[in-house]
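Per chain, numbering begins at 1; letters A, B, ... match sequence-line order.
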Number of protein chains: 2
Amino acid sequence: MKLSSEQIKQKLKDAGLRVTPQRHAILEAVYTLGNHPSAEQVIDFIRVRYPGIATGTVYNVLDVMVESGLVKRVKTDKDAMRYDAIMNRHHHIYCAESDRIEDYFDEELDELLQAYFRKKKLQDFKIEDIILQIKGNFNDNSE
Amino acid sequence: MKLSSEQIKQKLKDAGLRVTPQRHAILEAVYTLGNHPSAEQVIDFIRVRYPGIATGTVYNVLDVMVESGLVKRVKTDKDAMRYDAIMNRHHHIYCAESDRIEDYFDEELDELLQAYFRKKKLQDFKIEDIILQIKGNFNDNSE
DNA sequence: TTCTTAGATAAGAATGATTCCTATATAAGA
DNA sequence: TCTTATATAGGAATCATTCTTATCTAAGAA
């Protein structure tokens, strides 16, 4: 998903963050890259236009954005952490072989789960979010 | 869960793996520690009785065990990978604040999900496993 | 039982991802 | 414009994990 410069700025402001060129570039990168980029992919993307950005800054900013709810961390079987800017409730379809992640939106399923856990409460736990990790294989895997 | 030495041995054999003292100790550690240990926790646990075990061996063996279906990788928001020896279908209740993971078994839910995805097929994807990550907060968090 | 060898391990170097440190720079409110 | 709390650059440091190679051993064969 591509956002306008103004939209990105507004998102940072809404999250209560100072608007800096670095933060702007990083949030833009996560949105533009779309498919759950790693910090490294974000850095590579940004350095094309903005070579000076420091590695540490990207990690810092991504952390800050996670804290502020602008992005989410996505961990896979692999080592590097990945980031997701889509904040609407969604799930992940994941193939370990290719390390590919696809978003899965399904409101019907979400309602089903919500209803289920409204009835069947968990002891001593306050649910904030439920994420399905759907594991398997893409049929069109290039292998 | 605590397993007898004989049970552990049998599990290794059933998985088609050679039975070595290291593998025995590692599988025992994952079972005994119970709560989704990281590789580091496994190493610390084993070194008390078996100081010589090499770091690389633990990582190797854990990978081999994942390949052979003896343990599963468990991913959290944090960097380090964690491992789970419970292979029955179950889900995870996770609190990012404390990094605590609890197992959640619920056959009724599993059937619900199975029925749901039997009807609503995903295009171009063969589902092998569905794991819920239930995120939130434990009420008794010591904080 | 002993022999054989494919496969496993030790030890530690190497790598890759991430965090930390601190001097400098800057966003944004006064 | 000034002020200052906050952010960034640059690079060292740390942490998790993988790799390399010499040595060792489990387990089937003789």
Side-chain angles (χ1 to χ4, degrees), chain A residues 5 8-30 36-47 49-68 70-71 73-83 96 99, chain B residues 5 8-27 29 36-47 49-68 70-71 73-83 96 99:
Chain A
S5 180
I8 289 169
K9 207 166 169 181
Q10 198 53 50
K11 275 187 183 289
L12 289 169
K13 279 191 185 163
D14 292 349
L17 300 180
R18 281 196 187 173
V19 180
T20 69
Q22 291 88 343
R23 285 177 177 175
H24 192 285
I26 291 164
L27 191 54
E28 182 177 35
V30 179
H36 316 89
S38 62
E40 202 195 348
Q41 289 175 300
V42 169
I43 291 168
D44 289 349
F45 180 86
I46 294 174
R47 289 230 169 113
R49 290 164 145 239
Y50 185 165
I53 198 163
T55 306
T57 298
V58 174
Y59 281 98
N60 277 344
V61 168
L62 285 170
D63 275 359
V64 167
M65 287 179 180
V66 169
E67 295 306 313
S68 335
L70 280 174
V71 304
R73 269 190 256 273
V74 181
K75 180 134 174 76
T76 73
D77 282 8
K78 303 299 183 299
D79 190 19
M81 189 64 71
R82 294 166 67 176
Y83 297 87
D99 202 37
Chain B
S5 179
I8 290 168
K9 207 166 169 180
Q10 198 53 50
K11 276 186 182 290
L12 289 169
K13 277 191 185 163
D14 291 350
L17 300 180
R18 283 196 186 172
V19 180
T20 68
Q22 291 88 342
R23 286 177 176 176
H24 192 285
I26 290 164
L27 191 53
H36 317 86
S38 62
E40 201 195 349
Q41 289 174 301
V42 169
I43 291 168
D44 289 348
F45 180 86
I46 294 174
R47 288 229 169 113
R49 287 162 147 240
Y50 186 164
I53 198 162
T55 305
T57 299
V58 174
Y59 281 98
N60 276 344
V61 168
L62 285 171
D63 274 0
V64 167
M65 286 180 180
V66 169
E67 294 307 313
S68 334
L70 280 175
V71 304
R73 273 190 255 270
V74 180
K75 288 143 277 200
T76 73
D77 284 5
K78 303 296 185 301
D79 192 19
M81 190 63 74
R82 294 168 68 175
Y83 298 88
D99 205 34

Just so I know, are the side chains of [X] and [Y] near enough to count as touching, which here means a heavy-atom distance under 4.5 Å?
| X | Y | answer |
| --- | --- | --- |
| A:V61 | A:L27 | no |
| A:V58 | A:R47 | no |
| B:L12 | B:T20 | no |
| A:Y50 | A:P21 | yes |
| A:D63 | A:Y59 | no |

Drop me the distance from [X]'s [atom1] to [Y]'s [atom2], to the nearest 0.5 angstrom.
| X | Y | atom1 | atom2 | value |
| --- | --- | --- | --- | --- |
| B:R23 | B:S68 | CZ | OG | 7.5 Å |
| B:I43 | B:I53 | CD1 | CD1 | 8.0 Å |
| B:L62 | B:I26 | CG | CD1 | 6.0 Å |

| said: Is there a side chain to side chain contact (heavy atoms under 4.5 Å, CB included) between B:I8 and B:V19? Walk through the geometry before answering. | reply: CA-CA 9 Å; B:I8 290 168; B:V19 180; over 6 Å; no
| request: Using the side chain to side chain contact (heavy atoms under 4.5 Å, CB included) rule, take A:V30 and A:L70 through it: C-alpha gap first, then chi angles, then the decisive distance, then the call. | output: CA-CA 10 Å; A:V30 179; A:L70 280 174; over 6 Å; no
| message | If I compare all heavy atoms of A:M81 with all of B:T76, which pair ends up nearest, and what's the gap? | response |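 Result for this residue pair: CE-O, 4.3 Å.
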| request: Work out which heavy atom in B:R82 is nearest to a heavy atom in B:D99; give both atom names and the distance. | output: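 Taking B:R82 first and B:D99 second, the nearest heavy atoms are NH1-O, 2.8 Å.
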| field | Pair A:K9 + A:D14, salt bridge at N-O below 4.0 Å | value |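 Result for this pair is no, no salt bridge flagged.
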| task | Please determine if B:K75 and A:D77 form a salt bridge, counting it only when a charged side-chain N lies under 4.0 Å from a carboxylate O. | result |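 Yes, this pair counts.
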| Does anyone know the first and last nucleotide of DNA chain D in reach of chain A, 5' to 3', at under 4.0 angstrom to a heavy atom? |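 Listed 5' to 3', the contact boundaries are D:dA5 to D:dT17.
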Considering only nitrogen or oxygen atoms on both sides, find all protein atoms under 3.5 Å from nucleotides 27-30 of chain C and state each distance.
unit_1 : atom_1 : unit_2 : atom_2 : d
C:dA27 : O3'    : A:V19  : O      : 3.4
C:dA28 : OP1    : A:V19  : N      : 2.7

| Looking across every strand, which nucleic acid part, if any, lies under 4.0 Å from A:V61 by heavy atom: base, sugar-phosphate, or nothing? |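 Answer is sugar-phosphate: A:V61 comes under 4.0 Å of backbone atoms only.
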| request: Could you tell me whether the phosphate oxygens of C:dT26, OP1 or OP2, come under 4.0 Å of any side-chain nitrogen or oxygen in A:Q22? | output: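 No, A:Q22 has no side-chain N/O under 4.0 Å of OP1/OP2 on C:dT26.
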| said: Using C1' atoms of five pairs at each end, report the bend of the helix from C:dT1-D:dA30 to C:dA30-D:dT1 rounded to 10 degrees. | reply: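 The angle, to the nearest 10 degrees, is 40°.
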| task | Write down the distance between CD1 (B:I46) and P (C:dT9), rounded to a whole number of angstrom. | result |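 Value for this atom pair: 11 Å.
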| query | With sequence neighbours excluded, what pairs up with A:V66 under the side chain to side chain contact (heavy atoms under 4.5 Å, CB included) test? | reply |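 A:V66 satisfies side chain to side chain contact (heavy atoms under 4.5 Å, CB included) with A:V71, A:R73, A:Y83 only.
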Show the distances under 3.5 angstrom between N or O atoms of the protein and N or O atoms of nucleotides 22-24 of chain C.
none

| remark: In B/S/- notation (B base, S sugar-phosphate only, - none; protein heavy atoms under 4.0 Å), nucleotides 13-18 of chain C written 5' to 3' is ----SB
